[in-house]
Amino acid sequence: MGLRLGVIGIGAIGKEHTLRIEKKLSRAKVVAVNDVNREHTEAFLAQHNLSAKFYESGIELIRAQDVDAILVTSWGPTHEEFVLASIAAGKYVFCEKPLAVTASGCRAIVEAEMMHGKQLVQVGFMRRFDKSYRQLKSVLDSEQLGYPLILNCAHRAPAAPGFAGDMAISDSLVHEFDVLKWLLNDDYVSAQVILPRKTRLCDDSLQDPHVVLLRTKQGVLINIESFVNAQYGYDIQCHVVCESGTAALPEPSDVMLRHDGKFTRNIIVDWQLRFIEAFDVELQEWIDATSVGRVDGPSAWDGFIVAVTADACVAAKHSGNIEPINIPERPVFYR
Ligand code: NAP
């Protein structure tokens, strides 16, 4: 059977991860589930012929003797409580982003984990497991182009139903914040947010697009365009300018057509399709590392840094100023 997993939150991503573990991945089984909606969860289990036991509370599931490790895929504001309870139970826990909805909540998790004395927490920043980001990182790490100077990135989505306020930063750009510091082996020191002309093709209350400028400790300038109502597709770009050349994320592979006087290629529209393989790799690597008592992926410390960075970007968006990003020294525990 392998690792016996409990999943808390059987919504969109909780269902996907459960099916991924049960139907595609190896060496783990979902033996326990919890959600606020019992009826809908049991219907999902029945529909897919899954035998997991339903628990009335997430905390009860975490404490169950026959659950080895936990996936937290419930609504963001519940993550902190479930991750802290997993640490208290001494169990490995994979938490979808955000680790907690505030930087202080993330810090509390970091402190609880350090107090426990062993890393248990991984955060669901799946871009680190995407083949194209991994290819780009191996080029940068090889230093064949010298060191990086400037990153030009774009995060474009067709539409963002339900987005309000600062969600483009706190909900979407968090993936950029994690993957870019991982690509560069660096940390951020400041943020500025520039608001260009607003698109008419989104809700009046939303500011879209944004341009986020981040500066790293080593002086690299990162320019991220966030455009969540871009209409035409889900388009993730990262172009790194180095001392003696440039490196860019490859386009997702697709057939190129030459037909009827045109040269065409499809653009992915659905974010899930863009990262579907990354989700598979992310969870299989988590299962394998957990089975041998390791955390290899994004840590609680990474979740904390991302939250601090998002807060600074939100502050910069509202102040119009360059805001400092005050990231404490990485504890030895997380090196
Ligand atoms: P969702 O469809 O709303 O699913 C969340 C589920 O958790 C719902 O079934 C919800 O029930 C349930 N829930 C809420 N409070 C709970 C509690 N206290 N105990 C147990 N279950 C509870 O949301 P989602 O899209 O799956 O997102 C879930 C999390 O994953 C979010 O934090 C999101 O940011 C993250 N996520 C990450 C990625 C990624 O790219 N890595 C992608 C998608 C989502 P009700 O519906 O009845 O409230």
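Sequential numbering from 1 along the given sequence is applied to the chain's residues. One-based numbering, in listed order, for ligands and for the atoms of each.
- Between Asp186 and Lys217, none of the side-chain N atoms (NZ, or NE/NH1/NH2) sits under 4.0 Å from a carboxylate O, so this pair counts as no salt bridge.
- Between atom 37 (C) of ligand 1 and the options Arg127, Glu282, Glu96, the minimum heavy-atom separation is to Glu96.
- By the 4.0 Å N-to-carboxylate-O rule, Asp280 lies close enough to Arg20 to be salt-bridged with it.
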Pair Cys238, Leu183 - check side-chain contact (heavy atoms from CB on, under 4.5 Å), show working.
CA-CA 10 Å; Cys238 179; Leu183 268 183; 4.0 Å; yes
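- Between Asp171 and Lys97 there is a salt bridge, since at least one side-chain N of the basic residue sits less than 4.0 Å from a carboxylate O of the acidic one.
- Protein heavy atoms are found less than 4.0 angstrom from atom 26 (O) of ligand 1.
- Residue contact annotation: Gln272 has no non-hydrogen atom under 4.0 Å from ligand 1.
- At a heavy-atom distance under 4.0 Å, atoms from both the backbone and the side chain of Asp35 approach ligand 1.
- For the ligand labelled ligand 1, residue Phe275 lies outside the 4.0 Å heavy-atom shell.
- Interface atoms of ligand 1 facing Phe279, defined by a heavy-atom separation under 4.0 Å, are 39 (C), 40 (O), 41 (N).
- Within the set Leu99, Val174, Ile13, Val101, the minimum heavy-atom distance to atom 30 (O) of ligand 1 is found for Ile13.
- For the atom pair CD (Gln119) and CD (Glu113), the distance works out to 5.5 Å, reported to the nearest 0.5 Å.
- The N/O atoms of Ala12, backbone and side chain alike, include one that comes under 3.5 Å of an N/O atom in ligand 1.
- Taking every non-hydrogen atom of Gly9 and a distance limit under 4.0 Å, the qualifying atoms of ligand 1 come out as 7 (O), 21 (N).
- Among all non-hydrogen protein atoms, the one lying nearest atom 15 (N) of ligand 1 is Thr78 CG2, 3.8 Å.
- Neither side chain, Glu225 nor His210, offers a donor N or O lying under 3.5 Å from an acceptor on the other.
- Short contacts between ligand 1 and Met126, defined as distances under 4.0 Å to a heavy atom of the residue, involve ligand atoms 40 (O), 41 (N).
- Note on ring orientation: taking the six-membered ring where Trp is involved, the planes of His175 and Phe125 are perpendicular (angle over 60°, cut-offs 30° and 60°).
- Atom numbering of ligand 1 starts at 1 in the shown order; those under 4.0 Å from a heavy atom of Ile10 are 9 (O).
- Close contacts between ligand 1 and Gly124 involve ligand atoms 41 (N) [criterion: under 4.0 Å to a heavy atom].
- Taking every heavy atom of Asn34 and a limit of under 4.0 angstrom, the matching atoms of ligand 1 come to 19 (N), 20 (C).
- Under a 4.0 angstrom heavy-atom cut-off, Gly58 registers as lying outside contact with ligand 1.
- The protein atom (non-hydrogen) at minimum distance from atom 4 (O) of ligand 1 is Gly11 CA, 3.2 Å.
- Lys137 and Asn185 share a side-chain donor-acceptor pair at under 3.5 Å.
- Ligand 1 has at least one atom lying under 4.0 Å from a heavy atom of Trp271.
- Between His175 and ligand 1, an N or O atom pair is found at a separation short of 3.5 Å.
- In summary, the atoms of ligand 1 found under 4.0 Å from a heavy atom of His79, numbered by their order in the structure, are 32 (O).
- Within the 4.0 Å cut-off (strictly below), no protein heavy atom is located near atom 23 (O) of ligand 1.
- Any N or O atom pair closer than 3.5 Å counts here, and Thr73 shares no such pair with ligand 1.
- Using a 4.0 Å cut-off between a side-chain N of Lys or Arg and a carboxylate O of Asp or Glu, Asp178 and Arg127 do not qualify as a salt bridge.
- Defined by atom type and a distance below 3.5 Å, a donor-acceptor pair is missing between the side-chain atoms of Thr216 and Gln218.
- Ring pair His48/Phe44: centre-to-centre distance below 6.0 Å.
- At a 3.5 angstrom cut-off on N or O pairs, Lys97 counts as close to ligand 1.
- Relative ring orientation between Tyr234 and Phe275 is described as perpendicular, the plane-to-plane angle rising above 60° on a 0-90° scale split at 30° and 60°.
- Here the heavy atom of the protein found nearest to atom 14 (C) of ligand 1 is Trp75 CB, 3.6 Å.
- Residue contact check for ligand 1: Glu16 places no non-hydrogen atom closer than 4.0 Å to it.
- The residue among Val36, Ile8, Val7 with a heavy atom at the shortest distance from atom 47 (O) of ligand 1 is Val36.
- Here the shortest heavy-atom distance to atom 29 (C) of ligand 1, taken over Gly76, Ser74, Pro98, belongs to Ser74.
- Side-chain contact annotation: Ser138 with Asp141, donor-acceptor N/O pair under 3.5 Å absent.
- When only modelled atom types and interatomic distance are considered, Gln237 and Asp235 share a side-chain donor-acceptor pair under 3.5 Å.
- With hydrogens and angles left out, the side-chain atoms of Thr18 and Glu22 include no donor and acceptor closer than 3.5 Å.
- Proximity of Leu214 to Ser190: side-chain heavy atoms (C-beta onward) are nowhere separated by under 4.5 Å.
- Neither the backbone nor the side chain of Tyr55 comes within contact range of ligand 1; no heavy atom lies under 4.0 Å.
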